[in-house]
Enquirer: 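Encoded as structure tokens, here's the structure I'll be asking about.
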Amino acid sequence: MNEQVPHDKSLDNSLALMREGYLFIKNRTDKYQSDLFEARLMGQKVICMSGEEAAKIFYDSERFKRKGAAPKRVQKTLFGVGGVQTMDGDAHIHRKLLFMSLMTPEHEKRLAELTMEQWKASISKWETSKKVVLFEEAKVVLCRVVCQWAGVPLKESEIKERADDFSEMVDAFGAVGPRYWKGRRARTRVEEWIRGVIEDTRAGKLQAEEGSALYSMAFHKELDGSQLDTQMVAVELINILRPVVAISTFITFAALALHEHPECKEKLQSGDRNYSEMFAQEVRRYYPFGPFVGARVRKDFIWKQCKFKEGMLVLLDMYGTNHDSRLWGSPNEFRPERFKEWEGSLFDFIPQGGGDPAKGHRCPGEGITVEVMKVSLDFLVNKIEFKVPKQDLSYSLVKMPTLPESGFVMSDVKRKYSSQEWTY
Ligand code: HEM
């Protein structure tokens, strides 16, 4: 036992994690006034840590590795078994480059353009609907967008089911029981579908455009020059398709933020792109999505008097770091302007992980996420008007992942201009 380090006295904290959700780590780092503490989760000793210094240590690949860190239940729903998230060393860097090559500013721009096109195409139906649930619409819009961008064929009749499957894979990460099994079944269906798409591409039955995600993944070569097997390509292609659909969660929270802070709306209406960027960043900081991320100690070391023993599981608190009052003044206030002063540290603002994405496990999709959020905000404030009828907009900090209960219902939707006049 680490004598110098605060301990949670309970025999096992798994139930407490389920009861406290996003606040499980923060409640204890606050109580112990410590950046780290020891706990037991699912029968194993775990070090939980939070804050910028902790993030710097956590993303040091000399000290930590990912092999054996992600539970199989998460791999079988969210990540896919054996994907980039579980790799280390040169093999990881090589695989990560494949992802990074698809996240260039040109790709971000294309995704943003496609997103606006799809939002526009939704309006006619919305104008004649009594109510529109933004989260449900965003999932479908983004599923269409990402498949079109990636070069993955998608029939009109299957879009809703595919969008739901991607979403259920994400919804399963913190779930037990039926929600978990829904996610497992969704992954089985999606992997089978994408394996077929890859086989057709490799056999020349489906023409993938060079440079598209489908092409780059289907013909990717490992460090030894070999091709990945079909299942592995499917897992990695899904590692791009699924998270783009998941941006629907941040879009829904962005709509909630607009509703709760109408003063921000005027600034967004002025078309100031810096403000729109700051707003998107504040949505990613303030609202809960990814709670924490895990790694295993690569070799023994001591930090802050705590003995990190080889093989130990360590969790870094993403939600808590984004609400750390040492880093963010009044962290529980939604204030986009705070990003004017933000110095761009790789370790203090970590809604999608920390460090350098090309060298470590930080999410490669942050640029895409922010661009898609910005174009969606522009759509919501400048292209349409709508009412927000009475509904339950509360969200739980216990359920992971979470969302406003109603999914954000809009009514009386009207376009502001004729669609031809729009530019983005
Ligand atoms: C919806 C918003 C998103 C959130 C909240 C999110 C969150 C995360 C988090 C927390 C990680 C793990 C970081 C770590 O292990 O240290 C991650 C990794 C990853 N994300 Fe995202 N992400 C999002 C969007 C995206 C997008 C749009 C893409 C791609 C188009 C993407 C692709 C990936 C990949 C491939 C990894 C694995 C990276 C690696 O292990 O090296 N994500 N993301």
Side-chain angles (χ1 to χ4, degrees), residues 22 54-55 58-61 64-67 69-70 74-75 78-80 82-89 91-104 107-108 110-112 115 135 138-139 142-143 145-147 149-150 166-167 169-170 173-174 213 216-217 235-254 280-281 283-285 287-296 314-319 321-322 346-347 349-373 376 400-403:
Y22 286 94
F58 184 86
Y59 281 98
D60 177 352
S61 58
F64 287 100
K65 59 183 181 182
R66 295 304 174 99
K67 190 166 185 276
V74 174
Q75 293 190 43
L78 186 68
F79 295 165
V84 62
Q85 297 90 342
T86 60
M87 297 172 78
D88 292 298
H92 172 250
I93 300 289
H94 181 68
R95 184 73 57 82
K96 194 64 178 282
L97 275 177
L98 166 63
F99 284 92
M100 299 301 290
S101 71
L102 296 165
M103 315 276 140
T104 58
H107 280 297
E108 288 169 8
R110 179 77 189 125
L111 272 159
T115 305
F135 178 65
K139 278 182 344 192
L142 293 174
C143 184
V145 165
V146 75
C147 288
W149 167 80
F166 285 126
S167 197
M169 283 153 65
V170 177
F173 81 68
S216 308
M217 295 250 161
V235 162
E236 299 299 34
L237 187 52
I238 295 166
N239 267 330
I240 293 192
L241 305 176
R242 181 202 66 250
V244 172
V245 175
I247 303 171
S248 48
T249 294
F250 277 147
I251 293 174
T252 308
F253 277 126
Q281 299 294 50
V283 169
R284 295 197 308 135
R285 184 198 70 82
Y287 292 100
F289 198 176
F292 47 75
V293 59
R296 289 206 181 261
V314 176
L315 301 180
L316 174 70
D317 188 11
M318 295 190 291
Y319 181 78
T321 304
N322 291 337
L346 293 173
F347 301 101
F349 174 49
I350 55 170
Q352 296 177 218
D356 177 348
K359 297 195 181 124
H361 282 273
R362 189 190 189 115
C363 177
E366 287 188 283
I368 288 179
T369 305
V370 172
E371 289 310 308
V372 167
M373 287 173 75
S376 303
M400 298 188 290
T402 185
L403 195 73

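Because only heavy atoms are used, hydrogens play no part in the values below, and waters and symmetry mates are left out as well, while side chains stay in. For ligands, and for the atoms within them, numbers begin at 1 and follow the listed sequence.
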Enquirer: Do any N or O atoms from the side chain of Ser216 and from the backbone of Ala213 form a donor-acceptor pair under 3.5 angstrom?
Expert: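 Not confirmed, Ser216 side chain does not pair with Ala213 backbone.
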Enquirer: Record the part of Arg284 in heavy-atom contact with ligand 1 below 4.0 Å; permitted values are side chain, backbone, both and neither.
Expert: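 Within the 4.0 Å criterion, Arg284 makes no contact with ligand 1.
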Enquirer: Hey, does Lys96 come in under 3.5 Å of ligand 1, counting only N/O atoms on both sides?
Expert: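 In this structure, Lys96 places an N or O atom under 3.5 Å from an N or O of ligand 1.
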Enquirer: Work out which heavy atom in Leu241 is nearest to a heavy atom in Ala150; give both atom names and the distance.
Expert: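 Heavy atoms only, the tightest pair is CD2-CB, 3.9 Å.
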Enquirer: Set out, in order, the CA-CA distance, both residues' side-chain angles and the distance that settles side chain to side chain contact (heavy atoms under 4.5 Å, CB included) for Ile240 and Trp149, then state yes or no.
Expert: CA-CA 11 Å; Ile240 293 192; Trp149 167 80; 3.6 Å; yes
Enquirer: Rounded to the nearest 0.5 Å, what separation is found between the OG1 atom of Thr369 and the CD atom of Gln281?
Expert: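 It is 10.0 Å, given to the nearest 0.5 Å.
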Enquirer: Say you draw a straight line from CD of Glu371 to CD1 of Ile368; how long is it, rounded to the nearest 0.5 Å?
Expert: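 Reported to 0.5 Å precision, the distance equals 9.5 Å.
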Enquirer: Taking the side chain from His361 and the backbone from Tyr59, do they hold a donor-acceptor pair closer than 3.5 Å?
Expert: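 Between the backbone of Tyr59 and the side chain of His361 there is no qualifying donor-acceptor contact (under 3.5 Å).
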Enquirer: So, Glu236 side chain and Met217 main chain: donor-acceptor pair closer than 3.5 Å or not?
Expert: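 Not at all, since once roles are kept as given, no pair shorter than 3.5 Å links the two residues.
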Enquirer: Of all the heavy-atom pairs spanning Asp317 and Ile350, show the shortest one and how long it is.
Expert: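 In this case the closest contact between Asp317 and Ile350 is O-CD1, 4.2 Å.
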Enquirer: Enumerate the atoms of ligand 1 whose separation from the nearest heavy atom of Asn239 is less than 4.0 angstrom.
Expert: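 Matching atoms, with element in brackets: 32 (C), 35 (C).
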Enquirer: Consider ligand 1: state whether an atom of it lies below 4.0 angstrom from any non-hydrogen atom of Phe58.
Expert: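 No, that is not the case, since the closest heavy atom of the residue is not under 4.0 Å from the ligand.
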Enquirer: Just by distance, do the side chain of Asp88 and the backbone of Arg66 share a donor-acceptor pair under 3.5 Å?
Expert: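 At least one qualifying donor-acceptor pair exists.
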Enquirer: With 2.8 Å as the threshold, which protein atoms of type N, O or S lie near atom 21 (Fe) of ligand 1? Leave waters out.
Expert: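 As for protein N, O or S atoms lying under 2.8 Å from atom 21 (Fe) of ligand 1, they are Cys363 SG.
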Enquirer: If the cut-off is 4.0 Å to any non-hydrogen atom of Phe250, which atoms of ligand 1 fall inside it?
Expert: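 Ligand 1 atoms under the 4.0 Å threshold to Phe250: 2 (C), 5 (C).
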Enquirer: Minimum heavy-atom separation for Leu403 to Phe253, with atom names?
Expert: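 Looking at all heavy atoms of both residues, the closest pair is CA-CZ, 3.9 Å.
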Enquirer: Considering only heavy atoms of Val244, which atoms of ligand 1 have at least one such atom less than 4.0 Å away?
Expert: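 Numbered from 1, ligand 1 contributes 27 (C), 30 (C).
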Enquirer: Pick one of side chain, backbone, both or neither for how Met87 approaches ligand 1, counting any non-hydrogen atom pair under 4.0 Å.
Expert: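 Neither; nothing of Met87 gets under 4.0 Å from ligand 1.
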Enquirer: Side chain, backbone, both or neither: which part of Val293 comes within less than 4.0 Å of ligand 1 when only heavy atoms are counted?
Expert: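 Val293 to ligand 1: side-chain contact only, backbone stays beyond 4.0 Å.
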Enquirer: Between Leu315 and Val293, does the side chain to side chain contact (heavy atoms under 4.5 Å, CB included) criterion hold? Intermediate values first, please.
Expert: CA-CA 6 Å; Leu315 301 180; Val293 59; over 6 Å; no
Enquirer: Hey, does the side chain of Lys96 reach the backbone of Arg362 with a donor-acceptor pair shorter than 3.5 angstrom?
Expert: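 Such a contact is found between Lys96 side chain and Arg362 backbone.
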Enquirer: Which residue owns the protein heavy atom closest to atom 16 (O) of ligand 1, what's the atom, and how far is it?
Expert: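 Protein heavy atom at minimum distance: Tyr59 OH, 2.5 Å.
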Enquirer: Which residue and atom name correspond to the protein heavy atom nearest atom 29 (C) of ligand 1, and how close is it?
Expert: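 Going atom by atom, the protein heavy atom closest to atom 29 (C) of ligand 1 ends up being Met103 CE, 3.8 Å.
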Enquirer: Please confirm whether Tyr287 and Phe250 have ring centers closer than 6.0 angstrom.
Expert: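 Between Tyr287 and Phe250, the centre distance exceeds or equals 6.0 Å.
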Enquirer: Take every heavy atom of Arg66, measure it against each atom of ligand 1, and state whether any distance is under 4.0 Å.
Expert: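 Heavy atoms of Arg66 do come under 4.0 Å of ligand 1.
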Enquirer: Does ligand 1 have any atom sitting under 4.0 Å from a heavy atom of His92?
Expert: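 Contact present.
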Enquirer: Measuring from the heavy atoms of Gly354, does anything fall under 4.0 Å of ligand 1?
Expert: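 Not so, Gly354 does not reach ligand 1.
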Enquirer: Please report the closest heavy-atom contact between Pro364 and Pro357, naming both atoms and the distance.
Expert: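 Shortest heavy-atom separation between Pro364 and Pro357 comes out as CA-CB, 4.4 Å.
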Enquirer: Heavy-atom distances under 4.0 Å are what count here, so tell me which part of His361 touches ligand 1: side chain, backbone, both or neither.
Expert: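 His361 to ligand 1: contacts from backbone and side chain alike.
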Enquirer: Starting from atom 5 (C) of ligand 1, locate the nearest protein heavy atom and write down its residue, its atom name and how far away it is, to 0.1 Å.
Expert: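 Answer for atom 5 (C) of ligand 1: Phe289 CD1, 3.5 Å.
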Enquirer: Give the atom numbers and elements of ligand 1 that come within less than 4.0 Å of a heavy atom of Met318.
Expert: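 It comes down to these atoms of ligand 1: 10 (C).
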Enquirer: What are the atoms of ligand 1, with element, lying closer than 4.0 Å to any heavy atom of Gly360?
Expert: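 Close to Gly360: 41 (O).
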